[in-house]
Structures are given as structure tokens and as C-alpha cells.
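These notes are about the structure you will find just below.
Below, chains carry the letters A, B, ... as their sequence lines are ordered, and counting in each starts from 1. Note that this is a predicted model, so its numbers are computed, not measured.
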Amino acid sequence: MGKETVIPFGPQHPVLPEPIHLDLVLEDETVVEAIPSIGYIHRGLEKLVEKKDFQQYTYVAERICGICSFMHGMGYCMSVESIMGVQIPERAEFLRTIWAELSRLHSHMLWLGLLADALGFESLFMHSWRLREQILDIFEETTSGRVIFSVCDIGGVRKDIDSETLKKINSILDGFEQEVSEITKVFLNDSSVILRTQGLGVLSQQAAFDLGAVGPMARASGIDIDMRKSGYAAYGRLKMEPILETAGDCYARTSVRIKEVFQSLDLIRQCIALIPEGEIKVKVMGNPKGEYFTRLEQPRGEVLYYVKANGTKFLDRVRVRTPTFANIPALLETLKGCQLADVPVLILTIDPCISCTER
Amino acid sequence: MMLVIYIIAVIVLAPLVGGLLTGIDRVITARMQGRKGPSVLQPFYDVLKLFQKESIEVNTMHRFFVYISLIFVIFTTVIMLLGGDILLAFFALTLGSIFFVLGGYASNSPYSTVGSERELLQMMAFEPMILLTAIGLYYGDKSFFIKDIIAARVPSIVYLPGVFLGLIYILTFKLRKSPFDLSMSHHGHQEIVQGITTEYSGKDLAIIQITHWYETIIALTLVYLFFAFNSPVSHLIAILACIIAYLLEIVIDNAFARVKWQHALKSTWVITGVLASVNLIILSFFR
Amino acid sequence: MSFFSMTKTLIKSIFHGPYTVKYPLEKKESFPASRGRIEINIQDCIFCGLCARRCPTGAINIEKAESRWSINRLRCIQCSYCSEVCPKKCLKMSNNYTAPSFENVEDEYCNARVPDNKENNRNIAGAC
Amino acid sequence: MNTISILVLFPLLASIAVFLVRKDAVRNIIVRVCAFTTGILTLFVVCRYFKDGISLSFANRNTIDMIIAFVEVLIAAYIILIGIKNKKYIVSIFAAVQTTLILWFEFTQKHGIDVQSDIVFDRLSAVMVLIVGCIGSLILIYTVGYMKWYHVHHEEYKERKSFFFSEIFLFLFAMFGLVLSNNLLWMYFCWELTSLCSYLLIGYTKTPEAVNNSFRALAINLGGGLAFASAIVFIGMNFKTLELSVLTVLKPELMVLIPVFLLCIAALTKSAQMPFSSWLLGAMVAPTPSSALLHSATMVKAGVYLLIRLAPLLAGTSVGKVITLLGAVTFFVNSIIAISKSDAKKILAYSTISNLGLIVACAGIGSQESLWAAILLLIFHSISKSLLFLTAGSVEHQIGSRNVEDMDILMQVSRRLSGYMIVGIAGMFLAPFGMLISKWVAMKAFIDSNNILTVIILGYGSATTLFYWTKWMGKLVSNANRKDHIKHTFHIDEEIPIFIHAVLVVLSCFTFPLISEYVLVPYLSGLFGPGVSMPLGISDVNIMLIMLSMLLILPISFIPIYKSDRRRIVPVYMAGENTGDNESFYGALHAKRKVKLHNWYMESFFGVKKLAFWSNVLSIVIILVGVLLLIGGITK
Amino acid sequence: MNFSKKSPWILHYDGSSCNGCDIEVLACLTPLYDVERFGVINTGNPKHADILLITGSINEQNKSVVKQLYEQMANPKVVVAVGICAATGGIFSECYNVLGGVDRIIPVDVYVPGCAARPEAIIDGVVKALGILEERQKFARKKA
Amino acid sequence: MAQQTINTISANELLAYALRLKNTNHRMVAISCTTVENGIEMSYSFDGGNDFINLRFIAGPEDEIESISSIYPYSFLYENEIKELFGVNITGITPDYKDKLYKISVKTPFNMKEGDK
């Protein structure tokens, strides 16, 4: 035809907070082909186990990604604990769950903001991020870090939350819920947002399964995958149902995440109500030997940690399969035939975390 | 002699007012977003900084278009504010805009080119409505001259409500506000980087900013025309109307997501087409 | 479907006033637990080297012979692991973060027994 | 013999002469000389009779009539034969019917009809003669250069250069005859002759596509011819006259409107208005000079010329309204479709149809303002469009493609050529240039005649016009630095006519107040009586001229600025992956990938497939409404 | 008057950070910290930017990108390395694909420590950078 | 906690197993690998809702492992990565990035000795 436009999209691009590159082949503005190129953040973290001992690696694991940093630390610790056969105190399980759900809140709020930004809805972006700061404050108060917490340790957690603070968290979350429900209404009801998200990037249930989608991406297409149902940490003692949508478009993915925000609020409240008194950490002695696969539900979906230890201080292998890695095939599928203006929106609806993906 | 003084006054004052409006816009927008926002004079700081910066370019041709564009936009402002022919002013403005678009093509860079296409598409979407506005105003007074329009016995808004609404609709394009900031937005985060201005820097970018200030004044002058008539008080009302329209645009900017080009084109043509056509057809029956 | 559904929040924000903390002018109250920088009480330090060995990034350097403890601020990840393992508990995390700098900052702390040895006490003013 | 007759007959002689000469070099000289002579003759005739005009009648009219009838029969026989040979029976039927009709009229009904003046030269004819003569001769000179290259690059086509040149001269003869004739029978003869020339030129390459398209053109034009013939018979039988000038001063009653409607149909087919527009698009397979001459500058103008002549009869009547609406719809739809095209000649063709639509709409209104606009549109369009066609031909010659997308390297290949092309495009739609001035007045005329629907259509149509021209212009100014471009020489035979055209485009804009004062106002005064004036205010005209001067002066004034202010040149922004040459980036798999930048075509909105069918239906409906209105008038 | 101090426009590029510093850079733009008070706009376009904020370390694949972005910025320009990865490579400095801090590739003017760098620290870093920007502007004008 | 089932298979049974798992609606979770003495230990993890199954075999340096991208198309990223970083000779990946998924400053695959390749 000769009417094709080929342009680079990324690695540096104002709508991309993280570097990923696409060769976009357009006709007018319609994407005919999108060929990805990754590796801009590839550092080689898995290989770092050869240089850091298994205790130090906790801190490396947390820095796999700065957004779900808590979950990464937790997943790694859980794997090592499982290998070593350590049963951590119940209070620690609950604290981990609270922080995990707070992480989900902060991640989803961040995502909502970025989505609004990709849609060109600046005020919504600002307000989402403003509300997110409340969660970060809770984090800072309880874990002493804003985005990277270093609070999870092998054998439990390093900091406790006293009951006073738990109450305070409860009241902060009440105010938060009220304000969030105000702006999430905009995401779900405003016509200009719906115009941009509804019917965009549709992934049918079959396609989502065939492409191995995980997390909200899969749940928005009606696939019931939620690792929290497996009952790790304290989830076994909480009431929760995975949130499912069937449309499989960007709107459904937004809707799933928004509902998960409220679900997380609910889970945190349940935890605060149920949390037992007790120790927060057991002492871990010796070195791990054995292997274990741990699977958790991150804000972005299912994550898999595979740890293999040989009885020395240094582990044989740590393998992390992050949710974004699993969602990339689905993203490429949805990009076909979309508009150039939709590219950032579609990239965002998988909630990409490139630094997780490339490690 | 007076004419020369007038012209110089327009050339100097229009960007000052335009810049100030942009500054106010930025402050109000920030407040709406729960932020403190920059100082009101920030747009001037930006432009002055750009003038002090190094100007780099990707080829020797593309800066030329920006300057020509500015000259024709100034030309338009002068015609309009001196009460000249409104259609002629539009033609000069279109000429200016086209040079701006050509500037985007001239840099031959991916995002500039896509920006140019989008800008052109926007022009295609809103130009008819601007023409129809002029025609509507002409219907009232049998004159395309602004000085005649604002000296009419009744304000144009009385018989041109539909046209006015259509104009408000496309004002969003002219002021480069969301939802119609496809080609170039105030807010940097856009899929086509900064569209046409991607390759401009330093002085050239400053010129583009100033051009936009003039365009803001031109856009508000159009609103003004609907309210001004031969009573002196009406001019105050008209200025008030301009301010309200501008505030409305700021709210719209903050309350909408950016639309895609298909929707921008379709909705603009349909809405302006219906509003303006119905208004004009009814008007033509009463002649 | 609705139009202008954001307006309520927008107008509320105008009346509420900015949420902004005017940072350099006024500071946001930082939490007591906030992680800022590692401070050392050099008098108590016994230069055992445990912190240096456990530090995941190798930011801490100890020369036992010269009784020197130094930390590279641009390597420290504020994990607080060193303060946990310190047998004398002389390391602690303060909630003031390190200020940005124009070059690599290495804070050195020398043994308190030679306080006047200015040449070896780089950045001591800022540190102690 | 009168100079006018010489002017008309000279091309005929040239045609025969060129046809007979087989040697390239000799023929080229003859063509140049004849073209030059035609040009001079035109200027001479126009200068001589411009002031007072002239009408001629011929004593030996009957002889001429007989010759014409004889040639018509020959032509008809030829058309019937080729129609049968190529199984395009519709052509044969049309030719047979209309020739029979005319012959029947000639020999049985014509007695007693007296023709006062066979040829009328007034200011409108002067304009047409100037266009035909000047542009025609320039294009002929251009053709000499063009055809040299054409057969080098298209070896697959049989070389028939002498045939080609001779056809063009023959066409000039027909065209002069057409615009000068007041005698409808003569006009009809020339009308048919132009159709034939067009057919022959479209079919020049003899490819199946060309043959097909040429037959389509012939069929539609013969259909128009049939309408013309019927109109002549109707007029001759009812009003006992065969003079156009007599017809136009009749009262626009129903009986007059019927033949006028028929003539309008003929005009619409010739001017390729919808639903008859398809032939013009097919005609683009012809070599570019013939497209420039026949299919944009002159022959298609014959239709609108006839409409402008008939305008006094159309003003305010139902036929006029129908014609206006049809013109407006054609204008709108075709300028929309042009957006979805990337072939330069296709764009030009759609733009031509669209602009003719505008002229038709103006003529349909028939007020003095609208006619002012119509004639001015006719002049400016002819010059600009012919410039564009010629440059498009040369561009094809230079870069081996006439796709607009490939023209981004033109700036590197030939700065002058792209400069000319930019002038041509600017002339088509930009502010201080002629087309826009006329559009402006046209709009004013529509408003003043309370044709609000047309105004709205015009508003939206102009905006689409802006889109496709600007994106084309954008390609021309974009500095693609592809290194593999071919250096080609710009033939002097091509450059001179192009240069003159470009100068004419600018000059005509500067002088349009003069054109208005010396041509349009006197002509319109003749129609509407005294009180006709230029529809634009003096201050506006002054501002326009200031803008035009600015456009000329500003680029030059930039030269010293460039000299004093040299800047650091950095690579184009490609998200950080520019390979350094502005042409490619590091893409997936770390491989270099070429950046391709193409314009938008928005086929889903503006594609032919989407629009052509329904717009044709719409225009047929409009015509049928016209017919119904006439029938309704009869039965009332 | 020197206006570069009044309107610093930034370009943020994520080298190979863990996102921690990235989201803190973005958080600076949001209501709580709102760096637009200082006239800061996150342009996302090297041609418009005055300050290049880089988070994360340099690796094989992004080193040419960083270099190119730096070259495409107009003078005067300042580079701020945000976070310890951008300064030294941080905890990742021993990874096989981390070449080290940003100063391996382009001259860095201000280092903002922290893992992740706090928004306050980033604001401080930008303010520090403004001083350098002003100096450079003066120097450039003297030379001209 | 989900059951950790590790089925040790031989390399040439992989496709058959994968197909069987696909037919019982298992989704692939991850492909992991570890360098062991006599080659690369490959683990293919599958999830079927309630059960979590790992297929395990050791790929020797000379072995050709057939890609399961024909059964699980989204395995291509994992396989490309493993092929590039660990040098497992996986054949028939669609699309094959030909060891260009990442641009890495050190020599890959890691287990190669100096001078190889």
C-alpha cells in the first residue's frame, strides 16, 4: 500500500514511566503491527544470588520492583521459610497480609492515576495520586519507608504495628474510602473515560486463557485466578471472593482494579479485627537446603518464586516469574488494530512493571 | 498616526493579556487539582527562559515556518481588534495555522508529522464552524466587519444562540484544551510527545507559545462579538462573557479525558453542523 | 454515562485549598520511624566489621587498624540491616535523609580518641 | 478572413501538419512554433476585440453547415464502428441516435431559422479564449519535453507522438470553436469534437484500462451530447432560433427551462459533475499534458462555461436550484474523497471535479455576485490546476512516481520543482490566492441569495479541501534526506511553461482587481445592467494584497537571518533510539529499522467505497427532483 | 535577568531502576509536593528540557539512549542522578548487566541519594541543580 | 499451600506431557531453569486450578529441546530468555528472537566457557 507509517514508541516517551520499546506500524493511526523490544531494565538480578547471601538477598528481592516491593520481599521470604520449614508467628502473617493489601491499594491507586494520565485526564491523575499519598503515609509510619520497606524478613517481620496505630489506620482508610469512591465514580461513569476504555483491547475469556494472562487482566476476562484463594499468609482466615468481570476490555480491567481497591480495604479491616497478639518473628538458624515454588497474588497478578538452595549461605537459584512477563503476550494481542492514541492506554491496562519483568 | 499607535498597542498588549490568561489558567487548574500551582507570571518566565536558551534544530528549514505563522497570527489579531473583516481575519489565521502545520512536516520527525496530521484534522473539524460563525454574524448586520457587528442594535447572541454554542464547542480546539488537545496539549503526557512542537526548542518554542497567546485572544474576541452591541455597557458584559467562557474551558479541560481523532471529528461535525445549521436555517426563514 | 462527573471534585478542591506541602519553606512532619540515614555513635563503635560484612551494597568500610568507619552515602540503601546486626547498637537510623550533593559523598568517622585529626575526619561537621 | 477565424482554424492546420510529420526533431520544432503562434494569435485577438467585442456572421454559413454535418456523420460512423468493435454498444447507440436527430433537424426543420451571428466574442469568450490559447500553447511546449521522457520510461506503450500532438491541436481548434460559437449547431459540433479528442487521448496508451476508461468517458460525454442535441432540436422547433445569445435573453418560462435543463445536463456531463463524474477519474490514465489541458484547464471548463452563459435563465428558477444543489454536493463529496487518495493525479482529478462543482453551484445561483465568483474561479482554477498537473508530470519524471507519499524527497531532488508545486497548491486554497478570493465571494453570493444550505456545505467542503492540500504541501516541505534519490535533469521545455504558469498564478492574484474591473464588471453589467461592482471592499482587497506581498517578501527576508544565526543541529527525536541519520531507529531485536512517515487517508471515513455509491444516488435523486419539478410545471 | 532558574523543565528517564525512584519522581509532580510551584514541568521531551533526571543505573541497552537524550537537550542543561542506582549502581552494581552509575556515560551534576530517594530529596536536588543551571546560563551568555 | 508436585520426565516426553496438561485445561505458569552439574535443570510449572504440577528434566549441553510454543504459544518469552541466558538449545520457538531479547554487556549464555561460541 505504501501508506504505512513506521515509528518508534519508547524507550523514552512521556507516557511511559518505564522504558519499553515498540516498533509501531501504523496506517493512519491504526496500529497494524506492534513489535516489542524489551531489555532496557534488564540488570540480571537472578544471577545476583551468587554474590549476595540468602539474608542479603531479601533486600535485593524487594528491589526487583519498587511498586510491589513488599510482595517481592514477602514471596522470597516465604520460599526460603518453606524450604527451611519455618513456621512464622500468626501475628506476622497478619501483618504481612495488611502490608500486602496496602501495597495493592497503593499500586492500584498509582495505576488509576497513570491510566488517567494516559487518557489525558490530568486532574484525575492528580487526585488519584493525592489519595495514594495517604497510603504511603501509613506505610511510612508503620514500615518507615515510602516505597521500599525492608520490613519483611526471613522468619517474620521486622516491625510491629501497635493497636493504637491500627486504629488510626482504620480511620485513615475510612476517609480514604470516601474520597476514593468519589473519583472512582469518574472512572466508571464519566462518558469521556468510557469512550476511551469501553470496547478497547477486548480479550475474550478463551483468548485470555490461551495467552496465559494472569491477575486483573485475566479476571477482567472472566478467568478465576486469584492466588489469595490458596490461603497463603493470613488469607485463609479472611473472607474474600475474587473479583470477576466478563467484558475483557479496558473498562472491565479498570473496573476490576477499582473493585479490588475496595476489596483490599475490606481485607485490611478484617485483618485489623482478627489480628492476634504475639511474637512477630522467629529466629532462623542455619542455611536452607531444598527447593520450593511459591505463588502469590501481586497487584498485577500471579507471581512465582522458585528458590533452590544447596545448604550453603549462597542460594543456587532464585527465579521470579512476574505477572507482567505473563501478560505481555496478551498485551501484544490487544495492541493489534488499536489506535495510536490507545497504545499507552493498552500498555497501561496490563499494569506493566517492566523492572519486574526484566529483572 | 492613531492607527499606527493602535496597531502597536494591539501587537504589544494582546500577548501580554494572553500570557496572563494562560498564567491564570495554570493557577486555577492547579487549584482544581489540589495543588498550589505556579505563579501567575509563570508563562512569561517560561518564554523568557526559552529566549535565553540555546536553540537547536534538526534541519535548517523548520524554524522558518514558525515565524511566518506568528506573523500571520499577529496580522489576524490586528485585523480583528481594529474592527476589520472577520472572514479575512479567519483566512489569515488559517494561513498562519497552515504554516505552523507545515513546520511540523518540515522537521520530518515521526511525532511532529503525526502531530501535523492531527492538527490538520482538528482544523478540518473546527474550520467550518468558524466560517459559519462569521456567516451568522454577517446575517445579522449584512457586514463582515467587526466594527459594524459590535455596533449593531441587538447583540448577536439573541439570534445566534446555536452558533454561539457551536463556537463554544470548538473553542476547546482553539485553546488546545482537553478533550480536544489531540495534536498538542498543555500537559506533556501524550502519546505523540508534543506533536508539532516536538522538534522545536529555545526561541522557536517561545515563538510558538507567543503565537498561542495571540490565538487565545483571537478565540476570546469571537466570544466577545456575540455580546457586544451599540450600548457601552454591553462591552463590559462581553468581557465578562469572555471570562466566563474561559473559566468554562478550564473546567472542561479538567473534567474530560482526551478523545480520539475519530470522535473529535465526528462529534464536532455533527454537533456544530446541527447547532449552526439549524440556527442559520431558521434565521434564513425570517429574512 | 455522565458528563462533567469530575466537576464536583474539582470545585471542592478549589475551596479546600491546595494540599501541597510548601516543602523547602515548611517541612512535612516526618515520622519518627522514617528511614533517613545511618548515624553512628563512633565512641561506642568497636570496629568489629559486622555491619560492613552484612551490608548488602558494601557501603560501609571499616579499617580496624586505623579505627576508621566510613559510609558511602551514595551506596547506602537505608535497609537498616547494619543497625540490626550491630553488637554495640551504636548504629542507628535517623529520620533525616541525606542531602543531595554535587559529588560522591563518603562520610568518614574516625575514632573519637583522636578528635583533632582534622585531615582524617572528612565531613565530620556534617556527620556528628 | 477575420483574425478570429484564423485563430480558430490555425490549430486545425497545425494538427494536420503535425500529424503528417514523422520525424521527431522536425515535429518538435513545428509544435513549438505552432504553439507559440497560437499563443500570440490568442493575445492578438483578445487585445484587438477586447474592448468592444465582436459578433460575426458568415455568408457561406450553409456550406460550413454542410461540412460540419458531413464531418459529424464521419465521426458518428467512426464511433459506431469502434463501439461495435469493442462491444461498447452504448457508445454506438448514443452516436447513432444523436447524429440521426441532428441530421433530421438539419435537413427537415432548420429552414426558416435565421442566425444573426454565428460567432460572438465578448469578455467571457475573451477569458475562455485566453485560457485555452495561453494555457494550451504552454502545455504544448511542455508536452514536447514531457513526451521525450514519457516513451523512454514507458517502453511498453506504442509511440504515437505525432498522433498525440495532432490530437491536442485538434482539440484546441474544437475548444476555440466551442467558446466562440453563438450558433448552437456549431457549438454542438465542437462539443462532440472535444468528446472525441478526449476519448482518443485517454486511450492513448491502448492498455485495457485506458481503453475501458476512454469508452466510459466517451459514453458519458455522448450522453451529454444527446441531451445537447435534443435541446437544439427543442429550441429550434419551439423558438425558431439557434442562437445562444437569443436563448439567454428569453424569459425563464417553463418551455424555456426544458431545453435549458437539457443543456445543463450536457454541461454537467462535460464538467464531470456527479453522477457523471466517473469518466474524469478514469481519464487520469492519459499522459499528463492531456490531463492538464483537457481534464482540468479547458475541456471540462466548457461545461461550466455553458452554464455561466445560461446563468440568467437559471437565476431563481427550480432548475437553477437543482443545479446549485448538485454543484454543492459534488463539491463537498469530491473534496472529501480526495482526502483518501494518494495518487497525485487522482487528487487533482477529485479536486477538479470538486471545484467545477463550486462553479456550477455559482452558475446555478445566477446572481451577479455569484457569476463574478464563478468566472474568477474558472480563471484561477485553470491556471493553478494546469500548473499542478504539469508539475505532477515533471515530478513523476524526476522521482519516478506520482504518489504524493514519495514526494518527500522532492525538496532534495529539485528545489525549484517543489517550489512551483507549492505555488500551485497554495494557489488552490490558501488565503491571499485567487481560488480563496473567489470562494469567499461565492460564499457571500450564496448568503445573499439566501442559499443557506449551500453555504453550510461550502463551509464543510472548504475545510476538507484544506486537509488534503496541506498534507500534500507538508510532504513537499518535509526534508527527507533519503540518500538514494535519483538526480534528474529538469527539461527546459518543461520548466519554461511551468515557470510561466507559476508566475501567472501569482500575477493573477495581484491583478484580480483589474480583472474584475475590466472583464467581470463590464460583462456582468451587460447582463444585469449598471450598478454592478466588485463584491469585495477596497480595504479587504488591500489587505489581501498586503498578505500576498508578505508571502513573497518574508521568505526572502529570512535569508540574512539564516546567515547570521547558525545553530547546532541535533538528530530528530525518536524516543532515544535514533541511529543518527534521522532515517532509522534501533527497533526490536536491536536491528535498524527505517522510519516511514505517511499521511493520513482515513479510508474508513472518506473512502471512495464508502461515499461514491450513496453520493451518486443522492445526485441522481437531485436530478430526478429537477425532472419532477419540470414535469410538475408542465402539468400545472 | 536570568530566567532559567524560574522555569526549569525536566526530562525524566528511567535507566534501569526498580520503579521506586520513578514513582517518587512522579510523586513530586502531584498535589502533595507539586514542583510546578517552581515552574517545573515534566516535558518528556529532551528538546524542551533543562534538567535531565535519571533514575536507575546504566546498562548495555540503555546507555546509547541516555547519551542520545543528553545530546538532544539544548544548553544550558543539568543532569540529576536520582537514587543510589543512578549514582553508583547501588545494590545492583554487581549485576552482570549493570555498568554503573550515570556518570559513566554523561557528566552528572547533582546526586540525590536514597533508596528510594524521597520526594523531598528530589526537590532539594532539583533546587541544587537550578544553581548550576544559572551558572551555566551566565557563562554561556558571557561567551556569546 | 498448594501441593508441590514435581514430575521428573525425560526431555523427549515434554511435548506429550504438555499436550496432556493442555487438554486437561492446565495453564502454564512458568519455565524455570537452574544450572546443575550435568546441564541445565528445567522446570515447567503448570496450574490447573487446584493442582500445581512441575515437569522436570535435565537438559544436557548437547540436547535439543523442542519448544512447547506450539502448544502454549505464550511460552515463547520464557524459552527465548532461557535460550539466550542459559544456552539451552530450544528449537522451534515462534517467534524466535535469535538471542536478541536482551542486550547484555557480558557474554551469554553464562555457562559457556571462555572462548566458546
Side-chain angles (χ1 to χ4, degrees), chain B residues 54-62 64-65 67-68 71-72 75 79 84-85 87-88 91-92 94-95 98 101-102 104-114 116-117 120-121 123-129 131-132 135 138-139 144 193 198-199 262 265 269 273 276-277 280-281 283-284 287, chain D residues 339 408 411 430-432 436 440 443-444 447 450-453 455-456 458-464 466-467 470-471 473-481 537 539-540 543-544 546-547 550-551 554-555 558 561-562 565 567-575 582 585 595 597 599-600 602 604-605:
Chain B
E54 180 199 17
S55 307
I56 47 178
E57 54 189 10
V58 295
N59 60 47
T60 49
M61 274 306 286
H62 68 145
F64 162 78
F65 296 97
Y67 289 88
I68 304 279
I71 289 169
F72 279 102
F75 196 73
I79 295 177
D85 190 316
L87 264 185
L88 192 59
F91 295 148
T94 311
L95 189 63
I98 283 174
V101 171
L102 290 182
Y105 280 111
S107 47
N108 200 40
S109 124
Y111 293 103
S112 299
T113 309
V114 178
S116 288
E117 299 285 344
L120 262 184
L121 183 102
M123 284 170 72
M124 180 160 76
F126 72 70
E127 281 297 285
M129 187 58 223
L131 271 179
L132 293 180
I135 289 158
Y138 177 79
Y139 250 85
F144 281 121
V193 193
T198 305
E199 300 298 341
Q262 290 94 336
L265 180 64
W269 272 21
S277 311
L280 290 178
I281 288 171
L283 207 60
S284 71
R287 291 225 316 178
Chain D
I339 290 177
D408 52 357
M411 205 49 122
L430 268 187
L436 193 109
W440 176 6
M443 197 163 77
K444 208 158 166 260
I447 307 171
N450 218 3
N451 253 310
I452 201 72
L453 197 61
V455 178
I456 293 166
L458 180 63
Y460 284 84
S462 306
T464 53
L466 177 141
F467 188 88
T470 312
K471 74 180 186 188
M473 228 167 166
K475 277 285 154 206
L476 292 178
V477 299
S478 70
N479 266 301
N481 55 344
S539 65
D540 283 351
I543 290 176
M544 279 291 199
I546 292 173
M547 276 167 78
M550 272 160 72
L551 277 185
L554 284 175
F558 255 80
I561 296 176
Y562 275 118
D565 184 12
R567 298 176 178 179
R568 181 159 72 99
I569 293 200
V570 294
V572 158
Y573 174 78
M574 284 184 196
N582 289 348
F585 59 90
V595 167
L597 298 173
N599 280 325
W600 288 11
M602 300 185 278
S604 58
F605 273 55

Separation of [Y] [atom2] from [X] [atom1] (nearest 0.5 Å):
X	Y	atom1	atom2	result
D:I456	B:L280	CD1	CG	5.5 Å
D:W440	B:L88	CH2	CG	4.5 Å
B:M124	D:K471	CE	NZ	8.5 Å
D:M547	B:F91	CE	CZ	9.0 Å
B:D85	D:I543	CG	CD1	7.5 Å

Least distance between heavy atoms, [X] atom then [Y] atom:
X	Y	answer
D:V572	B:S107	CG2-O, 3.8 Å
D:T470	B:L102	O-CD2, 4.1 Å
B:E127	D:A463	CB-CB, 4.0 Å

Portion of [X] that has a non-hydrogen atom of chain D nearer than 4.5 angstrom:
X	answer
B:T94	side chain
B:I281	both
B:T113	side chain
B:F65	side chain
B:L121	both
B:E54	side chain

At a 4.5 Å cut-off on heavy atoms, which part of [X] comes close to chain B: side chain, backbone, both, or neither?
X	answer
D:F585	neither
D:F467	both
D:V595	side chain
D:L458	neither

Ring geometry between B:Y111 and D:Y573 (parallel below 30°, tilted from 30 to 60°, perpendicular above 60°): tilted
Most contacts with chain B, counted as non-hydrogen pairs under 4.5 angstrom, among D:P555, D:S462, D:P571, D:S539: D:P555
Among D:I546, D:T464, D:N599, D:L436, residue most engaged with chain B (heavy-atom pairs, under 4.5 Å): D:N599
Is there side-chain contact between [X] and [Y], with heavy atoms separated by less than 4.5 Å?
X	Y	value
D:M443	B:L131	yes
D:D540	B:F144	no
B:S284	D:L453	no
B:Y138	D:V455	no
B:N108	D:L597	yes

If we define contacts as heavy-atom pairs under 4.5 Å, which of [options] has the most with chain D?
options	value
B:L132, B:I135, B:I68, B:T198	B:I135
B:N59, B:I56, B:L265	B:I56
B:S116, B:G84, B:G273, B:A125	B:G273

Set of residues satisfying side-chain hydrogen bond (donor to acceptor under 3.5 Å, both in side chains) with respect to B:E117, sequence neighbours excluded: B:Y105
Check against side-chain contact (heavy atoms from CB on, under 4.5 Å), D:I452 and B:Y139: CA-CA 10 Å; D:I452 201 72; B:Y139 250 85; 3.3 Å; yes
